[in-house]
Amino acid sequence: MTDSNWEKWHYKDIRDPIHGFVGVTEKECKILDSPQLQRLRNIKQLACTNLVYPGATHTRFDHSLGVLHIADRIAQRLNFNPHEQAIVRMAALLHDVGHGSFSHVFENVMKKIHGKYNHAELASLIINGTELGDSLDDLREEVVSLLLYPEKHGKLGYLISSELDADRLDYLLRDSYYVGVEYGHFDLERIIHTLHVIRDPRGTEELVVKWKGREAVTGYRLARCYMHLQVYQHHTRLITDAMLIRCLEKAIMEEEIPELAPFRQAVNSKIFLDSLLAFTDEKILNLIVTKAKGQSAELGKMIFERALLKNAFSRSVDEIKSYRAKREFQTEESLERVRAYICTKTKVPKDWVFMHLSEVANPLYRDPDYLDEGKRPILILEQDGKTPALQDSSPLVGGEKKSWLKIFVFCREKDKDRVTKAAEDYVNSL
Amino acid sequence: MLELIDAIVAVIGKVGGNGLGRTALQKIIYFAKAKGLTDAEYYAYFYGPYSAEVKGTLSSLVAYGFVDERMELIPGGKRIYKYTLTPDGEALLQKKIEKESGEQVERVEEVVNAAKEYSSSLKAEDISIPAKSYFVLVEEGKGQAMKPTEIKEIAHKLGWKVEDSQIEESVKLLSRLGLVTVEVAKEPQ
């Protein structure tokens, strides 16, 4: 039985374009007012996607509130007790606090530099290493554990990290609204209404969707797939991300900008965390444009002026008939060979030819296997009590095996014709 | 050393027949890595040593049309996935990988044959035990000689249920692969 104390959960009500009013408690209000959370107001949810869709200026801050709201709606629907409700709301509110400037772009840069980067781990370090932890007081330990190890927290974990978590349920609706497309819409109310908790034979709690919600969940999967195809993997968005990644990586690794040096340190070091918290999207890009001397400054300036790289070559894997060509476009190493060929043929400097492999990570036909990836598939609770995965239950999701892979070569406008020809020659020669 | 992508194509191609399950593939690549034939990062997971790189590369091979993925429902409602090479995958193996790295592919085939001799159907439950034993010996025991009971204890801590007799049996495959040697411990006087 959730706590029906309206005053407690609505200490303040914050207006949100997606969910109406989002109620927050006094403690959550304190967290929201912390510099760590306020910083998220200046980190855009979709990095530079606003260069493609001008409306996409929403931030990690708005999204964090939305995730709290959805987590709460589900917690109420599933009758969480007040303590569980408080924990899951707080974890939802803090789930993105470990994001760096430009969100996932920064994550990709750190992966290139350090080999790995986990924003949930960073969130836990920030909570434990700043006054945020003190503000959480009795909730701290459980919130950190829930963010780090959602799989160990039964139904609570599902709300924080699963194929149907509050994060995904919010960002699809929010991104769709701000980008100005209809693809991301789905029936949130029906999904929440049909959620149910069961226990598997080992006694572990599993979140399932009752059979009545199958169509709503299928709609949600379709929404994710279409948002990837139309928005997240839009070629101009891929170009801006590629430019930002190169810009940040070069500035951190090759430029002598003291403020960026901490990002070369271990990701769990205090100096790294302090710098992560000191930067926002605008701050880091301004710094690079002002202080860098090489390609990173040039790329930063191009992003500011929206003088973007051009798409010189793109090909879906399905369109490539030769097995040799497909093999050449499959790994980082082989892509490097392709790039070397293009650069030799065109005399375009290596740094100005960008190879990119785009993959829609959420094709309709494949649900992540729980045991294989530590992720939990969407399970449908049938009338006979069986719980097949959505892909084995929905008439729309399953069977289809289209490849969603596409290869891109980006370059400057002045090099475009030569690069296009070289890339085509290369593919045709294999 | 074969690139991981080529090693996976070689293993699936050399297993042939009805296809190879994803858990068994993980373990065979693990043995191939232990033999220095390819490289991938492994860590302890539900069914033994597991590599996200192998999983990712396999998904990529499916997406590129080199490997066919087939789902089978087995009694109890559990889903298993079987992998076979597509005609493009066969062409990649025969016309490119074997041509450029024939000797390495032969050594991969030896690993596959040894695994098949150990478990003719390459059942996940069977083939995971030698992988678990080897993981414990190398990663946890740092290569020190260990008794089956010691391996079992550490395996249990990693969440793997294995028995002494299974560990003793698993040594047959590890010995055949040249990954371990067996010493008979002297009883204390």
Side-chain angles (χ1 to χ4, degrees), chain A residues 115-116 151 200-202 315-337 357-363 365-375 377 379 382 384-393 398-399 401-407 430, chain B residues 1-9 21-23 25-26 39 41 43-48 50-73 76-81 85-97 99-100 124 128 159:
Chain A
K116 60 179 180 182
E151 70 283 0
D200 74 7
R202 293 165 299 173
R315 188 86 35 112
S316 158
V317 164
D318 285 345
E319 293 171 310
I320 300 175
K321 299 298 171 208
S322 149
Y323 71 90
R324 284 182 186 274
K326 277 201 266 191
R327 171 67 179 81
E328 283 303 278
F329 282 112
Q330 195 169 349
T331 64
E332 291 285 336
E333 294 89 341
S334 48
L335 280 174
E336 266 311 304
R337 285 199 292 271
L357 252 180
S358 154
E359 181 173 11
V360 174
N362 304 288
Y365 66 87
R366 181 177 293 170
D367 232 348
D369 187 297
Y370 173 49
L371 286 177
D372 240 21
E373 298 200 18
K375 289 181 183 170
L379 299 176
E382 300 281 15
D384 60 7
K386 286 185 181 156
T387 52
L390 177 67
Q391 67 184 35
D392 302 327
S393 173
K401 283 197 174 183
K402 180 177 166 55
S403 165
W404 301 91
L405 273 162
K406 210 165 180 180
I407 295 128
L430 292 166
Chain B
M1 184 184 281
L2 289 169
E3 273 188 52
L4 182 59
I5 175 176
D6 294 336
I8 293 175
V9 169
R22 57 167 71 160
T23 304
L25 172 72
Q26 283 274 351
D39 195 25
E41 195 181 334
Y43 52 91
Y45 211 53
F46 290 98
Y47 293 153
Y50 172 82
S51 167
E53 280 177 73
V54 171
K55 159 76 175 149
T57 308
L58 179 63
S59 296
S60 172
L61 279 164
V62 172
Y64 273 83
F66 289 125
V67 169
D68 186 47
E69 180 182 67
R70 199 176 70 251
M71 194 264 287
E72 288 176 6
L73 277 173
K78 199 181 161 204
R79 290 170 295 151
I80 58 163
Y81 292 89
L85 292 186
T86 62
D88 265 1
E90 292 285 359
L92 179 63
L93 176 60
Q94 288 163 20
K95 295 180 186 168
K96 186 171 189 300
I97 305 172
K99 266 192 180 171
E100 291 170 7
S128 65

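No experiment lies behind these values; they were computed from the predicted model shown. Letters A, B, ... mirror the listed sequences (proteins, then strands); counts begin at 1.
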Contacting region of A:I320 [heavy-atom separation from chain B under 4.5 Å] = neither
Quick one: what part of B:A52 sits under 4.5 Å from any heavy atom of chain A, side chain, backbone, both or neither?
-> neither
Enter the distance from A:K326:NZ to B:L92:CG here, rounded to the nearest 0.5 Å.
-> 10.0 Å
What part of B:I5 lies closer than 4.5 angstrom to a heavy atom of chain A: side chain, backbone, both or neither?
-> side chain
The interface call for B:L4 against chain A, heavy-atom contacts under 4.5 Å, is neither
Beyond-backbone contact of A:Q330 with B:E3, side-chain heavy atoms, under 4.5 angstrom | no
Minimum heavy-atom distance between A:L405 and B:A63, given as atom pair plus value | CD1-CB, 3.2 Å
Under 3.5 Å donor-acceptor, B:Y64 side chain and A:F329 backbone | yes
For A:Y323 and B:K95 the tightest heavy-atom approach is OH-CB, 2.9 Å
Is any side-chain N of the basic residue among B:E41 and A:K116 closer than 4.0 Å to the acidic one's carboxylate O?
-> no
